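Quick note on labels: first sequence line is chain A, next is B, and so on, each numbered from 1. Predicted, not measured: the structure shown is a model, and the values here were computed from it.
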Number of protein chains: 2
Amino acid sequence: MAGITILDVARAAGVSTSTVSNLLNGRTGRMLPETRERVESTIRDLGYRPNRAARQLRTGKPQVIGLVVPSVGNPYWGALARYLEAAALTEGYHVLLCNSERDPARERQYVDELVSDGIRGIVLCSSLPSLEHVSGLIEDGLRLVAFDRTAQADDPVGLVNVSVDNTIGAELMGEHLVSLGHRRIAFVSGAIRSVNRTERFAGFLRALERAGIARPDVVTWPGSSSADGTFGDVEAAELGRVAATELLTGPNPPSAIFAVNDMTAIGVCRAVRDAGMEVGREVSVAGFDDIVLAELYSPRLTTVRQPMKEMAAAAFRALHAPADGQPTSQATSLLFRPELVVRDSTAAPVA
Amino acid sequence: MAGITILDVARAAGVSTSTVSNLLNGRTGRMLPETRERVESTIRDLGYRPNRAARQLRTGKPQVIGLVVPSVGNPYWGALARYLEAAALTEGYHVLLCNSERDPARERQYVDELVSDGIRGIVLCSSLPSLEHVSGLIEDGLRLVAFDRTAQADDPVGLVNVSVDNTIGAELMGEHLVSLGHRRIAFVSGAIRSVNRTERFAGFLRALERAGIARPDVVTWPGSSSADGTFGDVEAAELGRVAATELLTGPNPPSAIFAVNDMTAIGVCRAVRDAGMEVGREVSVAGFDDIVLAELYSPRLTTVRQPMKEMAAAAFRALHAPADGQPTSQATSLLFRPELVVRDSTAAPVA
DNA sequence: ATGAAAGCGCTAACAT
DNA sequence: ATGTTAGCGCTTTCAT
């Protein structure tokens, strides 16, 4: 296939393999400029490309990072995968893709497997509330970045969390809804157990309290399938639909509904329409995440944007931070500033 | 990290590394059952896991396949990535993810890079009309599957194409629209140059001709950004919006619009609404692909489903088919049966 | 039935 | 400034 080895280059350039290797690894100071040029042009002429497997075998560090997501079929994770891969590419890294399908056992197995493949950096988008099971791996030198998750008390030392500031994001949305004139606002989500759900709800409450508004209706739908009450794409939308239907047909229907994420918001929109009302007029609907779909949906969804590209780049960078092995160092969190995106699904309440 | 080598196992079990290796590679016939059991339990006790890099260095065949897509941020490719990874997992393979961002240079570079990393199997979702540039690699033993693309006259020998039957899919949709009573039906797409666009248009025409309907309006929007007139997600929707607006405000507006894919159909829906009409009543809109979004959109989109899961599994299987090296063998195509999915965006035309 | 040993392509001491 | 060389962990002849 490629066939050309470092030895071929060395011979053709009339130098030793060490010199070629030194050049390849940036130790250019150790040779004459003329030698360097000769070797460089030989590499080009021969079309030589280093063999990653051999390099990895020798150094123990593959030029590959692992990405474990619930499912890249979901646009939110798809966007992360895209931007993470782009960031990795700038440093010559590749991305190994793993879909956990929200199965904790599979998630754990993937991490173990990646580690024993020699991979030293993993971006993990876990469905698990606790990451204790990876603390041993981190102690052994694995760089682990938890994405879409904020720091927890029992986090393993050395874990880096990358997330949007959910509390502030939800607070922004709460303020937006209040400033529009809404007073009866409902919050819709699955069972509030996951970290970011809890935070979003807290931020939302804070905005309402500041405005002196009574505790809002909260509709939480118990998880049906998976153990921790998380849902897939379509299930999230269905959850929104069912929950909103209940709210809208109840005794004191809200004039605005804030859904825990865009998929759920879309389900809420459907329920509103099914009830014969218009989203953005009779009922305002807001989401969270700003997936591509939010812009394309009809009506275009008001939501809270996560700066995905920057977050992905930061996650990749965190993978490269020096492992410090200090058992006393603190877990780190990288919180990103969310942005309120006002579109057509929210408006002032009608009379 | 993992640290345990085949030598550790051999020593602990009191055998040689060859025996352990033989066991690992299924050559169990070459040892006594009792030896085998002893080694197997030692492997378990020690938690030994073979080092992929070393295995690859030795065999030249990594347990990794490459996937090159325009962008996993797009739900269509995200779905492929998800199912391909699932199929690969069943055989112990991992998937290396590459986003070409529809840049031909980047696409080519990725393929070259994967090959020189020793990867022997690639699923390529190319934006390029011709795949001639990879014929050399295929001759050298690369297994190359082109996804979402049907066979072409100048295809390199050994290339396997996996695709839905676009012609039949579009024909099904054409029949559906005709049977609903539509007579003035427009087709909307980007510049009709790509293979599957051409096929979809041809299938659509066939259905209309069979029904004795005059040649339909066709609105094709010239590509703006990339060389071959393809668009990204949001651009596809925008294309649909602009094209449909032109049709709807023209002299003889169609009662139904068939878009080349779901994203474009969504843009068409927006234009319909912007024109003060209701999708699924005044104007029927149909798409193609059946991305997740189609089901969630409002109204739910009538479209043509591609059996993604089966197609991904087939693509992975094709990667394993024996390379035959026979320069006389024909390029192969795997065509999948599309399925008409009727939802709410199409209906009989009003008076 | 089992073992010994030669590399796969590369990096990094350690020479010179 | 450049070269020599010993492995990294594994598979696979070739012996025994």
*Asks:* Indicate, with a heavy-atom threshold strictly under 4.0 Å, whether A/Arg55 touches base, sugar-phosphate, or nothing.
*Replies:*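 If one applies the 4.0 Å heavy-atom cut-off, A/Arg55 turns out to touch the sugar-phosphate alone, with no base involved.
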*Asks:* Fit a plane to each ring of B/Trp77 and B/Phe147, take the angle between them on a 0 to 90° scale, and name the class: parallel (under 30°), tilted (30 to 60°) or perpendicular (over 60°).
*Replies:*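 Perpendicular, since the angle between the ring planes exceeds 60°.
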*Asks:* Scan A/Asn22 against the nucleic acid and name what it touches under 4.0 Å (heavy atoms): base, sugar-phosphate only, or nothing.
*Replies:*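 No contact.
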*Asks:* Consider the side chain of B/Arg30, meaning its heavy atoms from C-beta on, and name the nucleotide among D/dT13, D/dG9, D/dG7 that approaches it most closely.
*Replies:*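 Given the options D/dT13, D/dG9, D/dG7, the side chain of B/Arg30 is closest to D/dT13.
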*Asks:* Among residues 32-44 of chain A, which residues get a heavy atom nearer than 4.0 Å to DNA chain D?
*Replies:*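 Heavy-atom contacts with DNA chain D come from A/Leu32, A/Thr35.
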*Asks:* May I ask you to test the A/Leu334-A/Met311 pair for a side-chain heavy-atom distance under 4.5 Å?
*Replies:*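 They are not in side-chain contact.
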*Asks:* Just wondering, do B/Ile6 and B/Ser21 contact through their side chains at under 4.5 Å, heavy atoms?
*Replies:*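 A side-chain contact exists here, since the closest heavy-atom pair is under 4.5 Å.
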*Asks:* Can you check the A/Arg58 CZ to D/dG9 C1' distance for me, whole Å?
*Replies:*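 Taking CZ of A/Arg58 and C1' of D/dG9, I get 12 Å after rounding.
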*Asks:* Looking at A/Thr5, I'd like to know whether one of its side-chain N or O atoms comes within less than 4.0 Å of OP1 or OP2 on C/dG9.
*Replies:*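 No, because none of the side-chain N or O atoms of A/Thr5 sits under 4.0 Å from OP1 or OP2 of C/dG9.
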*Asks:* Below 4.0 angstrom from OP1 or OP2 of C/dT11, is there any side-chain N or O of A/Arg27?
*Replies:*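 So the side-chain polar atoms of A/Arg27 never come under 4.0 Å of the phosphate oxygens OP1 or OP2 of C/dT11.
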*Asks:* Starting at atom CD1 of A/Ile6, determine the distance to atom P of D/dT5, rounded to an integer number of angstrom.
*Replies:*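 That distance rounds to 16 Å.
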*Asks:* Starting at atom CD of B/Gln56, determine the distance to atom C1' of D/dC8, rounded to an integer number of angstrom.
*Replies:*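 Rounded to the whole Å, the gap is 14 Å.
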*Asks:* Less than 4.5 Å apart, side chain to side chain, heavy atoms only: is that true for A/His94 and A/Gln63?
*Replies:*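 With C-beta onward as the side chain, the pair stays apart.
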*Asks:* If the threshold is 4.0 Å, N to carboxylate O, is there a salt bridge linking A/Arg55 and B/Asp117?
*Replies:*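 So A/Arg55 does not pair with B/Asp117 through a salt bridge.
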*Asks:* Does B/Arg120 reach the side chain of B/Arg143, with side-chain heavy atoms less than 4.5 Å apart?
*Replies:*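 No - every pair of side-chain heavy atoms lies 4.5 Å or more apart.
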*Asks:* Taking atom types as modelled, find out whether A/Glu107 and A/Ser126 have a side-chain donor-acceptor pair closer than 3.5 angstrom.
*Replies:*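 Yes - a donor-acceptor pair under 3.5 Å links their side chains.
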*Asks:* Over how many whole Å does the gap from B/Leu23 atom CG to C/dA1 atom P extend?
*Replies:*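 Answer to the nearest Å: 14 Å.
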*Asks:* Separation of B/Ile4 atom CD1 from D/dC10 atom C1', in whole Å?
*Replies:*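 For the pair B/Ile4 CD1 and D/dC10 C1', the rounded distance is 16 Å.
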*Asks:* Separation of B/Leu7 atom CG from D/dT11 atom C1', in whole Å?
*Replies:*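 It is 14 Å, rounded to the nearest whole Å.
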*Asks:* Which comes earlier along DNA chain C counting from the 5' end, the contact point of B/Met31 or that of B/Ala54, where each point is its nearest nucleotide?
*Replies:*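 Per heavy-atom nearest nucleotide, the more 5' residue is B/Met31.
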*Asks:* Tell me the interatomic distance from B/Leu57, atom CG, to C/dT11, atom P, rounded to whole angstroms.
*Replies:*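 One finds 12 Å between P of C/dT11 and CG of B/Leu57, rounded.
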*Asks:* When the distance from CG of B/Asp117 to P of C/dG9 is rounded to whole Å, what number comes out?
*Replies:*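 B/Asp117 atom CG is separated from C/dG9 atom P by 14 Å.
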*Asks:* Any side-chain N or O of A/Asn25 under 4.0 Å from OP1/OP2 of C/dT11?
*Replies:*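 So the side chain of A/Asn25 is within the cut-off, an N or O lying under 4.0 Å from OP1 or OP2 of C/dT11.
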*Asks:* With a 4.5 Å limit on heavy-atom distance, are the side chains of A/Thr5 and A/Val9 in contact?
*Replies:*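 Side-chain contact under 4.5 Å: no.
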*Asks:* Salt bridge between A/Glu101 and B/Arg82, side-chain N to carboxylate O under 4.0 Å?
*Replies:*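 Yes, this pair counts.
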*Asks:* Can you check whether B/Ile122 reaches B/Val145 side chain to side chain, under 4.5 Å on heavy atoms?
*Replies:*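 No, side chains not in contact.
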*Asks:* Of the residues in residues 11-19 of chain A, which ones touch DNA chain D at a heavy-atom distance under 4.0 Å?
*Replies:*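 Within residues 11-19 of chain A, the residues near DNA chain D are A/Gly14, A/Val15, A/Ser16, A/Thr17, A/Ser18, A/Thr19.
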